[in-house]
Amino acid sequence: MLDVKLLRNQFDEVKKKLAQRNEDISALDEFGDLDKKRREVIQKAEELKSKRNKVSQEISQMKRDKKDASSVIAEMQNVSAEIKRLDEEQRELDEDLTHILLTLPNIPHESAPVGAEEDENEEVRTWGELPEFSFEHKPHWELAKELDILDFERASKVTGSRFVFYKGLGARLERALINFMMDLHEDEHGYTEVLPPYMVNRDSMTGTGQLPKFEEDAFKIREEDYFLIPTAEVPVTNMHRDEIMTAEDLPKAYTAYSACFRSEAGSAGRDTRGLIRQHQFNKVELVRFVKPEESYEQLELLTSQAEKVLQLLKLPYRVLNMCTGDLGFTAAKKYDIEVWIPSNETYREISSCSNFEAFQARRANIRFKRDKKAKAEYVHTLNGSGLAIGRTVAAILENYQQEDGSINIPEVLRPYMRGKEKITN
RNA sequence: GGAGAAGUACCCAAGUGGCUGAAGGGGCGCCCCUGCUAAGGGUGUAGGUCGUGCAAACGGCGCGAGGGUUCAAAUCCCUCCUUCUCCGCCA
């Protein structure tokens, strides 16, 4: 959510920046009139309320003095009726304004490159050597099938398309990655581990920005008005919804493993094979609550911690600074980390590290005080995948494949796999 | 799922229609006293948000949430949410 005062005072500048995005911002034009109208109505209503409060005191005094108050009471009946009408008018204006504010995207940071399309994202750095195969390498779904560690067919029988069973060392590898990443972030990077609910309510989805605009992307439990989480970002960020932290609490850092559920509406036909695009996948998420003045250095830190996972796994990757048109709805700045997927002959997103500034904090009402007397300010929130597990499995299978179809297990994972060095038949 | 009870400021808690933005504690700030500590005495402060305003300030809202009754609601009525206790069911 944008800052109303900023929108009020610097409307043209804000509009110009929002126009750099790939988002519909037509709602913006109604803002000015509604906002002005709303304040007029509030003023009128408050004047009358002030009067009513005063006269009520007088009536109270008259009653105690045993005087007749009936003519004043009759007059107040009209005042109260008018107040009621104005309150109703304000309620409607509030509703319209809130709707507008909730559907406007975040303002891009100045360091985000201006651009409309994916190919205008800026490559910041690359890491690692791309593998060279002296044999014909295979996509991970073929390798997995031969090794009998992934079963897409039975999953689509049991549930539907875009679901998968992991089996044997495949399941073990997935679980090893979860534990390896969680241990790294908790023990080396100082995060507090959280295991969140996988369903959240509507307020939480609104707090982090999935709602109201992107309801079709989520799976919904209709009877309860709950949603399956698309990422642990939602429950973990909303843990502190409607709270005021102290300055010493910040930065606050959580890492959470969770399953993630996405409807993938609009992605029909894309990545239909393999682990890249599933309705349910596992992810280790990093979430940080920080002071506003620190949030950009904290974004660099967060991104480096996600990169560390790939470095330890010795998987080649690159980091992109996302352009304004590709930032998504909520981020002011976003780095995507992309891992090399040999079968795609390209890098694929495996982590997305974002600074939301106060955009989520304002929606979710997450604040802090610099000291006891200070006014509460909004925190800045950040999060990033650290990493998406399924895509990491795909990357390991493809990058670590051997000519005989076996997979070398990255050294750092071996303690998590009973010391095993290879996945073979 | 059934039956009860409760939700008031940072915490505990009083308050059943007007003089209650809300008694009283605790906590917190300052002062005094005691060699330090523990304890004691005095005194002060009270959250948040919205509107007008450069500001000082003024005003509105606020007692779990949302409606309603009334000139006037923490207080009366309705709906919902949460927590606790007991029973049932259950991984």
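Proteins get letters first, then strands, A, B, ... in listed order; numbering begins at 1 in each. Just so it is clear, the model here is predicted, and its values are computed rather than measured.
- Comparing atom distances between the A/A376 side chain and each of B/G51, B/G18, B/U49 picks out B/U49 as nearest.
- B/C71 is paired with B/G18 under the criterion used here, namely a Watson-Crick or G-U wobble arrangement in which both key atom distances are under 3.5 Å.
- Atom NZ of A/K63 and atom P of B/G18 are 12 Å apart (whole Å).
- In this model, the phosphate group of B/A72 is approached by a side-chain N or O of A/S80 to a distance below 4.0 Å at OP1 or OP2.
- Listed candidates were B/G48, B/C61, B/G60. Nearest to the side chain of A/R367 is B/G48.
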Apply ring pair (Phe, Tyr, Trp, His ring centres under 6.0 Å) to A/F219 and A/F227, showing your working. CA-CA 6 Å; A/F219 285 112; A/F227 298 83; over 10 Å; no
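- Comparing B/U43 with B/C33, their C1' atoms sit 15 Å apart, to the nearest whole Å.
- Between the C1' atom of B/G59 and the NZ atom of A/K51 lies a distance of 16 Å, rounded to the nearest Å.
- B/C63 sits 8 Å from B/A22 when the C1' atoms are compared, rounded to a whole Å.
- The distance from atom CD of A/E377 to atom C1' of B/U49 is 16 Å, rounded to the nearest whole Å.
- Checking A/I244 against A/D35, the closest nucleotide of RNA chain B that is more toward the 5' end is the one next to A/I244.
- On the C1' atoms, B/U70 is 16 Å away from B/A74, given to the nearest whole Å.
- B/C71 atom C1' lies 11 Å from atom CG of A/N78, rounded to whole Å.
- OP1 or OP2 of B/G60 sits under 4.0 Å from a side-chain N or O of A/N53.
- A donor-acceptor contact under 3.5 angstrom links the side chains of A/H380 and A/S295, judged on distance only.
- Contact check, A/K49 against B/G62: no side-chain N or O comes under 4.0 Å of OP1 or OP2.
- B/G7 and B/G15: their P atoms are spaced 11 Å apart (whole Å).
- Residue A/K84 is classed as a sugar-phosphate contact, given heavy-atom separations below 4.0 Å to backbone atoms only.
- Residue A/R154 places its CZ atom among 12 or fewer non-hydrogen atoms of other residues, nucleotides or ligands, all under 6.0 Å distant.
- Using a 4.0 Å cut-off between a side-chain N of Lys or Arg and a carboxylate O of Asp or Glu, A/K15 and A/D29 qualify as a salt bridge.
- No hydrogens or angles were tested; on distance alone, nothing pairs the side chain of A/Q43 with the base of B/G51 as donor and acceptor under 3.5 Å.
- A/E92 places its CD atom 13 Å from the P atom of B/G67, with the value rounded to the nearest Å.
- Residue A/I83 contributes atom CD1, which lies 13 Å from atom C1' of B/G59 at whole-angstrom precision.
- Looking at the side chain of A/S50, the nearest of the listed nucleotides B/G59, B/G67, B/G18 is B/G59.
- Counted within 6.0 Å of CD on A/E293, heavy atoms from surrounding residues, nucleotides or ligands total more than 12; the atom is thus considered enclosed.
- As a whole-Å value, the separation of A/N201 CG from B/C80 C1' is 14 Å.
- The side chain of A/R39 places no N or O atom within less than 4.0 Å of a non-bridging phosphate oxygen (OP1 or OP2) of B/C50.
- With both ends at atom P, the span from B/A39 to B/U45 equals 25 Å, rounded to whole Å.
- Taking the ring centroids of A/H240 and A/F289, they lie under the 6.0 Å cut-off.
- In B/G62 the base sits syn relative to the sugar, since the glycosidic angle is no further than 90° from 0.
- Nearest-nucleotide assignment on RNA chain B puts the 5′-proximal partner with A/Q90, out of A/Q90 and A/V72.
- Between A/L101 atom CG and B/C50 atom P there is a gap of 13 Å when expressed in whole angstrom units.
- If you take atom P in B/U75 and the same atom in B/C61, they sit 15 Å apart, rounded to whole Å.
- Side-chain atoms of A/R52 lie closest to B/A72 of the nucleotides B/A72, B/G59, B/G67.
- The phosphate of B/C50 has neither OP1 nor OP2 within less than 4.0 Å of any side-chain N or O from A/R38.
- Put simply, A/R8 has a side-chain N or O that comes within less than 4.0 Å of OP1 or OP2 on B/G51.
- Only the C1' atoms considered, B/C50 is 43 Å distant from B/C32, to the nearest whole Å.
- Checked by atom type and distance alone, the side chain of A/Q278 pairs as donor or acceptor with a backbone atom of A/G274 at under 3.5 Å.
- In the model, A/Y257 has no side-chain atom that pairs as donor or acceptor with a side-chain atom of A/N179 under 3.5 Å.
- Judged by Watson-Crick or G-U wobble contacts below 3.5 Å, the nucleotide B/C63 has no partner.
- In this structure B/A5 sits in a base pair with B/U83, meeting the Watson-Crick or G-U test at under 3.5 Å.
- With both pairing distances under 3.5 Å, B/G29 is matched to B/U43 as a Watson-Crick or G-U wobble pair.
- Taking the C1' atom of each, B/G64 and B/U82 are spaced 7 Å apart, rounded to whole Å.
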